[in-house]
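For reference, the structure discussed in these notes is given below.
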Amino acid sequence: MSEEHLQFGTQALHAGYDREFVARASSTPIYQSAAFDMVSVERGDRLSSGEEQGFSYSRVANPTVDTLERRLAQLEGGIGAVATASGMAAISFALLAAAEGGGHIVSAAELYGASVDAMETFFPQFGIETTFVDDINDLAAVEQAIQPNTRAIFAETVANPSTVVTDIASLAKLAHRHGIPLIIDNTVPTPYLCRPIELGADVVVHSTTKGITGHGNALGGIVIDSGNFDWAAGKHPQFTQEELVVSDEEHGVWHSFASAFGKEAYIRRVRIKYLRTFGAVPSPFNAYLQLIGLETIVQRVRQQVQSATRIAQYLQHHSHVRQLNYSGIGTTGQTDLVHTMLPKGVGQVLSFTFDGTAEQMNRFINATTVFSYIPNIGDSKSLIVNPAKITHREVPRRLREVAGVSDNLIRLSIGLEDADDLIADLEQAFAVAFG
Ligand SMILES: *Cc1c(COP(=O)(O)O)cnc(C)c1O
């Protein structure tokens, strides 16, 4: 069944699911099997070389996980996807697959803390350097950071916790002028609010732990390939070098990922080299929870945006709030960009600088009862956290300041509770903090 003509909300329930294959089950079965019968030696050979995409061993592919991959590829408008055990695995695989072999990355400085730490302190151990650009929308600065060995540009659609929006279309144009792919972390808005591939992004990654799963009950990540970038054009020799794993040594037939898979070279390399080697596969059960979560993504995210907007408006002029950050109501001065790029809203994350002492801020966080003190976002329950001490702890102070993560910043992730209860909870917590 072709699903491309269906609306997003319909695809969220049906895309990538082959009912014939699963005894017409309404809910995707959990294929709790480590391995699968290859049936014949001939088919085993085709499966092992990637010539046939099927199931032999769950570190490479599993039917439950496959449904999730197909569904998210469809929802993001990509040609293929690889699901991983967490968002960090997806980000690591996506960036390393582009920059492996001594490449250089140009990245936004405003990023998820562990992404900054990976590029700042860990990838250099593997010979991959990153230049962080303070303002990713300053295209002159981005262009200046590009080197002959730059293999990828990386940014988040909506930065967490500042909610600053990356102008993906302009950044993609610049990247492509230099023959470089644009990789976008689309975790905060989810594909319901923004589809970066339509704006020119070449690869989209997610922590599916967040808004996609939506209930705080499973970790996951995904790499989605647009199929639009030409990885054989010259800047990425790993795609044109011959590789035994996709070749037939016995018969002297040699292939590179580009010659074997064409437009799918990148996503096949992520699966056949990265997933197969590092093994960060999601369990079938976690993939199942993510598929269930996806079924209500439209309804959840829509309500969360509505509540987040109300709460942002309540906080914006509050006497104990120094500065509110929610680009959805214009606090980042990006009204036109938000309107064209994210017309349905920027997501459920917002943040504010608390106007009080450290002790008062601790009292405020401890006093909330509807909000939970949890380092996560996109949950159906509302969450509160102090990023400087928790989520951005490993980020050097300079980059933390660029990301607007001051010591008195508080981040909220708005869930599905009644907005009145959430506002009342914040109000009583302010009273406790300053009482
Ligand atoms: C949470 C998050 C990640 C990391 O994902 P995990 O699933 O926790 O590994 C990456 N990017 C963003 C924007 C996130 O919010």
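Because the structure is predicted, anything quoted here is derived from the model rather than measured. Counting convention: from 1, in listed order, for ligands and their atoms alike. FYI, the numbering just counts along the sequence from 1.
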With heavy atoms under 4.0 Å as the rule, classify the contact between Thr208 and ligand 1 as side chain, backbone, both or neither. neither
Apply the test side chain to side chain contact (heavy atoms under 4.5 Å, CB included) to residues Val158 and Val349: give CA-CA distance (whole Å), side-chain angles for both, the deciding distance (0.1 Å), then the verdict. CA-CA 9 Å; Val158 177; Val349 174; over 6 Å; no
Closest approach of any protein heavy atom to [atom], naming residue and atom:
atom	value
atom 8 (O) of ligand 1	Tyr112 OH, 3.9 Å
atom 13 (C) of ligand 1	Asp185 OD2, 3.4 Å
atom 15 (O) of ligand 1	Lys210 NZ, 2.8 Å
atom 9 (O) of ligand 1	Met88 N, 2.8 Å

Look at the aromatic rings of [X] and [Y] and report parallel, tilted or perpendicular, splitting at 30° and 60°.
X	Y	value
Phe229	Trp231	perpendicular
Phe364	Phe354	tilted
His318	Tyr314	perpendicular

Can you check whether Phe122 and Phe126 have ring centres sitting under 6.0 Å from each other? yes
Does Gly378 reach ligand 1, in the sense of a heavy atom lying below 4.0 Å from it? no
Any idea which atoms of ligand 1 are less than 4.0 Å away from a heavy-atom of [X]?
X	value
Gly87	5 (O), 6 (P), 7 (O), 9 (O)
Gly220	7 (O)
Ile91	10 (C), 11 (N)
Asn160	15 (O)
Ile377	15 (O)

Looking only at distance, does Ser207 have an N or O less than 3.5 Å from an N or O of ligand 1? yes
Do any nitrogen or oxygen atoms of Val188 come within less than 3.5 Å of a nitrogen or oxygen of ligand 1? no
Salt bridge (charged side-chain N to carboxylate O under 4.0 Å, His left out) evaluation trace for Asp230 with Lys235: CA-CA 10 Å; Asp230 182 4; Lys235 275 193 191 279; over 6 Å; no
Check this for me: does any side-chain nitrogen of one of Glu110 and Arg400 sit under 4.0 Å from a carboxylate oxygen of the other? no
Lys263 charged N/C atom sitting above Phe239 aromatic ring, 6.0 Å / 45°: no
Given the options Asn325, Val164, Val346, Thr332 meets side-chain contact (heavy atoms from CB on, under 4.5 Å) only with Val164
